[in-house]
Visitor: 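The following block contains the structure, expressed as structure tokens.
Residue indices begin at 1 and follow the sequence shown. Heavy-atom basis, side chains included; hydrogens, waters and symmetry copies ignored.
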Amino acid sequence: MNVEIKKITAAETRNLRQLILRPHQNADELVYEDDDHSDSLHLGAYIVDELCGIASLYKHTLKDNTEKETWRLRGMATLEKYRGKGLGIILMNECISHVKEKNGAIFWCNARTTAEGFYEKFGMKRNGGVFTPEGLGEHIVML
């Protein structure tokens, strides 16, 4: 499978954000804080000309932490027909490379509990207990 990772705009992520992560919301409701900030990065995984996966990175501090070089992964999603084929791994590796390139000290995300094993493959660990954002199911913070 030939996958190309491209920098994309926040607007280009919203259809997949809605389709995969938040089907109960409209795509225009999925504008995340700092989507258009100059530090933010949005990546798209393409197979031929189809956007198959997305991931966004933000320079966001972690609650109760004073570290300034803290990066948050948000809105990571892969179309169902491409799951289990390594697309998420490619996106994660690109995100980790970006954080390292920016001298990031902490890399974190709010992960669905069902995705905990995926993030553990990259050395991330659960930080704190389970919480449930409205309409989104059980989540945990992973570092």
Visitor: Which pairs of donor and acceptor atoms, one on a side chain in residues 88-97, lie under 3.5 Å apart (sequence neighbours left out)?
Guide:
residue: Asn93; atom: ND2; partner: Ile89; partner atom: O; Å: 3.3
residue: Ser97; atom: OG; partner: Asn93; partner atom: O; Å: 3.0

Visitor: Scan residues 118-128 for pairs that pass side chain to side chain donor-acceptor pair (under 3.5 Å), counting only residues two or more places apart or in two chains.
Guide: Glu116-Arg126

Visitor: Val99, Val141: one ILVMFWY side-chain cluster at the under-4.5 Å cut-off?
Guide: no

Visitor: When you compare the side chain of Leu21 with that of Met76, does any pair of heavy atoms fall below 4.5 Å?
Guide: no

Visitor: What pairs meet the salt bridge (Lys or Arg N to Asp or Glu O under 4.0 Å) rule with one or both residues in residues 70-93, with sequence neighbours excluded?
Guide: Glu50-Lys81

Visitor: Please, which pairs that meet ring-ring contact (aromatic ring centres under 6.0 Å, His included) have at least one residue in residues 30-58, sequence neighbours excluded?
Guide: His42-Tyr58, Tyr58-His60

Visitor: Once salt bridge (Lys or Arg N to Asp or Glu O under 4.0 Å) is applied, what residue pairs with a partner in residues 55-67 remain, sequence neighbours excluded?
Guide: Lys59-Glu69

Visitor: Once rounded to the nearest 0.5 Å, what's the spacing between atom CG of Asp49 and atom CG of Leu51?
Guide: 11.0 Å

Visitor: Please name all residues satisfying salt bridge (charged side-chain N to carboxylate O under 4.0 Å, His left out) with Arg22, sequence neighbours left out, ordered by chain then number.
Guide: none

Visitor: For the CG atom of Leu73 and the CG atom of Asn110, what is their distance to the nearest 0.5 Å?
Guide: 10.0 Å

Visitor: Could you tell me which residues satisfy side chain to side chain contact (heavy atoms under 4.5 Å, CB included) with Asn26, sequence neighbours excluded, listed by chain and number?
Guide: Asp28, Glu29

Visitor: Has Gln18 got a side-chain atom pairing as donor or acceptor with Gln25's backbone, closer than 3.5 angstrom?
Guide: yes

Visitor: To the nearest 0.5 Å, what is the distance between CG (Leu41) and CG (Leu57)?
Guide: 5.5 Å

Visitor: Can you confirm whether Asn2 sits close enough to Ile47 that some side-chain heavy atom of one is under 4.5 Å from a side-chain heavy atom of the other?
Guide: no

Visitor: Are the side chains of Thr13 and Ser56 in contact, using a 4.5 Å heavy-atom criterion?
Guide: yes

Visitor: Not counting sequence neighbours, list each pair that qualifies as a salt bridge (Lys or Arg N to Asp or Glu O under 4.0 Å) and has a residue in residues 33-42.
Guide: Arg14-Asp35, Arg17-Asp35

Visitor: According to ring-ring contact (aromatic ring centres under 6.0 Å, His included), does anything in residues 92-112 pair up with another residue at least two apart or in another chain? List the pairs.
Guide: Trp71-His98

Visitor: Give, for atom CG of Leu43 and atom CD1 of Ile5, the distance between the pair rounded to the nearest 0.5 Å.
Guide: 6.5 Å

Visitor: Glu12: which residues meet the side chain to side chain donor-acceptor pair (under 3.5 Å) condition with it, sequence neighbours left out?
Guide: Thr9

Visitor: Which residues satisfy the side chain to side chain contact (heavy atoms under 4.5 Å, CB included) test with Thr113, sequence neighbours excluded?
Guide: Val130, Glu138, Ile140

Visitor: Taking the side chain as every heavy atom from C-beta outward, state whether Val3 and Leu87 have any pair of such atoms under 4.5 Å apart.
Guide: yes

